[in-house]
Trainee: 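Here you go, one structure.
Since this is a predicted model, take the numbers as computed values, not measurements.
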Amino acid sequence: MFERQEIGDVVETAPVVVTIAAEEAGTVSADDRTVQEAWERVRRRLRAELGEDVFSSWFARLELAGIVGGVAYLTVPTRFLKSWLEAHYAERLRVNCIAELPAPSGVLLSVRQASRDAAPAPLAEAVIRSRAAAPAAAIPADAAKLVPMSAQGGEAEPVDVCGTTLDKRMSFQSFVVGKSNQLAFAAAERIAAAPAGQSPYNPLYLHAGVGLGKTHLLQAIAQEARRLGKRVAYFTADRFMYGFVAALKSQTALAFKEKLRGIDLLVVDDVQFIQGKSIQQEFGHTINALLDAGKQIVVAGDRLAGELEALDERIRSRLGGGLVVEVGELDEALRGKILATRLEALQGAHPNFQVSPDVVAYVARVVATNGRDLDGAANRLLAHATLSGQLVTLETAEAAIRDLVRTREPRRVKIEDIQKLVATRYNVSRADILSERRTAAVVKPRQIAMYLSKALTPRSLPEIGRRFGGRDHTTVLHAVRKIEKAISEDRSLHEEVDLLKRMLQE
């Protein structure tokens with residue numbers, strides 16, 4: 001992966017191209033069948049993850065044109081569909097293609113040209129039927145029209161050392177600042193502007209839920225630091241894992257490590273997804289080497305570093321030892337500013353698209369989840385206005401964004417919050433709940449807290465046991481079953497536990 005700086009670059013080695021179309025003689029080669037089967041697995045995964053309605057609406061006409069130089073070329077029939085997929089499903093497409101297709105390093109999406117005289121054959125002129133016949137830098141004829149797929153659908157640009165492509169639109173100038181993110185924004189700007197080796201906050205660890213802007217801040221840091229001449233590597237967790245495994249397979253692990261240790265700034269997004277003992281060890285060694293050399297590290301996750309149970313304890317300790325900043329939930333005022341910014345950008349490309357302040361205020365009030373849903377709301381309003389030719393009113397806006405309002409996500413509950421609330425409710429300390437004490441005054445709230453942790457969080461029984469003083473998963477299972485039985489027999493306890501659930505979820 002790190003031998004080709006980005007998925008849109010010309011590959012130096014002879015590309016491996018797999019044809020989707022049948023051979024001229026009417027037969028399909030074994031390679032063709034392999035790729036067809038892999039593409040069907042991608043489609044099945046998307047259908048299972050998103051549901052039949054979403055898949056039929058947005059993915060039914062998505063086709064795989066071929067795999068060139070490790071890049072999966074996907075095509076759709078319209079520019080609107082291309083824009084929508086780039087804006088909402090880019091990362092999901094990329095992850096699923098990398099998981100199923102034969103060794104792709106990325107995804108490129110384009111609008112296919114339908115022929116009047118024959119059935120559409122996407123990129124047919126670019127299909128190379130033999131590796132031996134391929135020139136050293138063969139690129140599809142339509143490659144100039146293809147834009148690397150990014151999380152926001154903007155123009156992508158490679159980092160200058162190694163890692164993942166950056167989206168130019170994710171800059172400090174385009175980031176909308178409010179009360180919930182102003183501290184994170186200020187720290188990010190300070191780190192990006194600091195001379196190499198002189199950052200006041202190292203490492204910087206940002207944590208937030210989905211769609212609250214942490215990826216935007218990380219990309220802004222990387223782009224501004226590179227503009228100032230620093231050597232930058234930006235990774236998503238899956239990209240780091242893929243790169244390390246690919247380096248091991250190609251026997252270039254030493255070069256991979258040398259590249260990482262020669263940078264000024266390492267940026268890693270979604271660190272909670274880094275898995276595997278050897279990969280975590282290499283990640284930990286990289287962090288230690290860079291910090292010891294005075295190099296800057298910026299990492300983002302979906303929760304506090306100490307709560308990333310799947311990560312090695314030494315990594316968690318290192319990440320928690322620097323500046324830790326939470327990017328909070330978007331308040332209504334900030335949602336309004338973000339939505340207004342998104343609509344203004346859309347109006348630049350569609351001058352006749354107008355949305356009144358009343359509609360902006362309404363959408364910002366009812367779409368209370370995250371920034372990605374606000375992007376979805378803006379695109380839905382644009383689609384309604386352009387496809388129906390009608391003005392956007394409060395009534396049409398309500399209909400256009402109904403699904404976003406209906407699918408509001410519940411509050412993310414943490415095990416620590418459960419322990420604190422239960423301890424306060426039963427007049428014991430959190431230390432008592434985590435201790436080995438077996439008195440009735442402590443055992444009951446401990447078991448209730450374990451039950452609520454299983455009911456309200458996605459944590460496994462072993463993870464819950466570790467968070468309750470290092471207990472075995474069988475202890476947690478016993479507590480869960482005992483409270484389930486008790487609340488089925490005791491009406492007052494049922495109401496009490498139900499009240500605790502509501503308090504935690506509100």
Side-chain angles (χ1 to χ4, degrees), residues 7-8 39 42-43 45-65 72-97 106-114 120 122 142 145-156 165 167-170 174 210-211 215-216 338-339 341-353 355 359 363 367 369-390 392 396-407:
I7 61 177
W39 176 239
V42 173
R43 289 170 61 85
R45 285 173 64 129
L46 290 169
R47 183 182 279 107
E49 291 176 10
L50 301 170
E52 187 61 39
D53 290 343
V54 173
F55 181 87
S56 299
S57 298
W58 305 113
F59 294 90
R61 294 181 291 172
L62 179 68
E63 296 179 3
L64 173 65
Y73 288 84
L74 307 181
T75 66
V76 290
T78 67
R79 291 185 179 276
F80 176 78
L81 186 55
K82 174 180 179 291
S83 299
W84 185 269
L85 290 176
E86 287 177 337
H88 296 85
Y89 298 105
E91 184 66 13
R92 192 182 296 270
L93 266 176
R94 190 178 67 82
V95 169
N96 280 302
C97 286
V107 174
L108 288 172
L109 186 64
S110 70
V111 179
R112 59 178 171 263
Q113 301 295 325
D142 279 359
K145 302 176 183 178
L146 301 178
V147 178
M149 190 179 230
S150 66
Q152 296 296 323
E155 184 181 354
T165 55
D167 185 344
K168 282 186 175 181
R169 290 172 33 173
M170 291 190 181
S174 63
V210 174
T215 296
H216 191 145
I338 292 173
L339 181 61
T341 301
R342 302 291 190 270
L343 292 172
E344 183 179 353
L346 292 174
Q347 288 165 356
H350 304 274
N352 294 327
F353 174 54
V355 180
V359 171
V363 175
V367 180
T369 45
N370 56 60
R372 292 178 186 172
D373 280 350
L374 290 172
D375 287 341
N379 285 320
R380 282 164 172 76
L381 294 177
L382 173 63
H384 173 84
T386 55
L387 296 176
S388 69
Q390 299 177 1
V392 178
T396 58
E398 183 179 4
I401 65 170
R402 184 178 294 118
D403 63 315
L404 294 176
V405 177
R406 186 173 60 249
T407 58

Trainee: How close do Ala397 and Val359 get, heavy atom to heavy atom, and via which atoms?
Mentor: CB-CG1, 3.8 Å
Trainee: Rounded to the nearest 0.5 Å, what separation is found between the CG atom of Leu382 and the CZ atom of Arg342?
Mentor: 14.5 Å
Trainee: Does any part of the side chain of Leu50, heavy atoms only, come nearer than 4.5 Å to the side chain of Tyr89, both counted from C-beta?
Mentor: yes
Trainee: Could you state the interatomic distance from CG (Leu85) to CZ (Arg92), rounded to the nearest 0.5 Å?
Mentor: 12.0 Å
Trainee: Using every non-hydrogen atom in the two residues, find where Trp39 and Cys97 come nearest and quote the distance to one decimal.
Mentor: CZ3-SG, 4.3 Å
Trainee: Does Arg61 have any side-chain contact (heavy atoms from CB on, under 4.5 Å) partners at least two apart in sequence or in another chain, and if so, which?
Mentor: Pro77, Leu81, Arg112
Trainee: Are any non-hydrogen side-chain atoms of Leu93 and Leu46 less than 4.5 angstrom apart?
Mentor: yes
Trainee: To the nearest 0.5 Å, what is the distance between CG (Asn352) and OG1 (Thr386)?
Mentor: 11.0 Å
Trainee: Taking only residues two or more places apart in sequence, or in another chain, which ones meet Glu398 in a salt bridge (charged side-chain N to carboxylate O under 4.0 Å, His left out)?
Mentor: none
Trainee: Look up atom CG in Leu64 and atom CZ in Arg43, then write down how far apart they are to the nearest 0.5 Å.
Mentor: 10.5 Å
Trainee: Taking the side chain as every heavy atom from C-beta outward, state whether Asn379 and Leu346 have any atom pair closer than 4.5 Å.
Mentor: yes
Trainee: Give the ring-plane orientation class for Trp58 versus Trp84, where under 30° counts as parallel, over 60° as perpendicular and anything between as tilted.
Mentor: parallel
Trainee: For Thr75 and Ala65, work out which heavy atoms get closest and say how close.
Mentor: CG2-CB, 4.0 Å
Trainee: State which residues pass side-chain contact (heavy atoms from CB on, under 4.5 Å) with Ser174; sequence neighbours excluded, sorted by chain then number.
Mentor: Ser171, His216
Trainee: Please report the shortest heavy-atom distance between Ala377 and Val363, naming the atom on each side.
Mentor: CB-CG1, 3.8 Å
Trainee: Please determine whether the number of non-hydrogen atoms from other residues, nucleotides or ligands lying under 6.0 Å from atom CD of Glu344 exceeds 12.
Mentor: no
Trainee: Is any side-chain heavy atom of Phe55 less than 4.5 Å from a side-chain heavy atom of Leu62?
Mentor: no
Trainee: Looking only at heavy atoms, which two atoms of Leu109 and Lys82 are closest? And how far apart?
Mentor: O-CE, 3.3 Å
Trainee: So, for Leu374 and Leu339, which heavy atoms are closest and what is the spacing to 0.1 Å?
Mentor: O-CD1, 3.8 Å
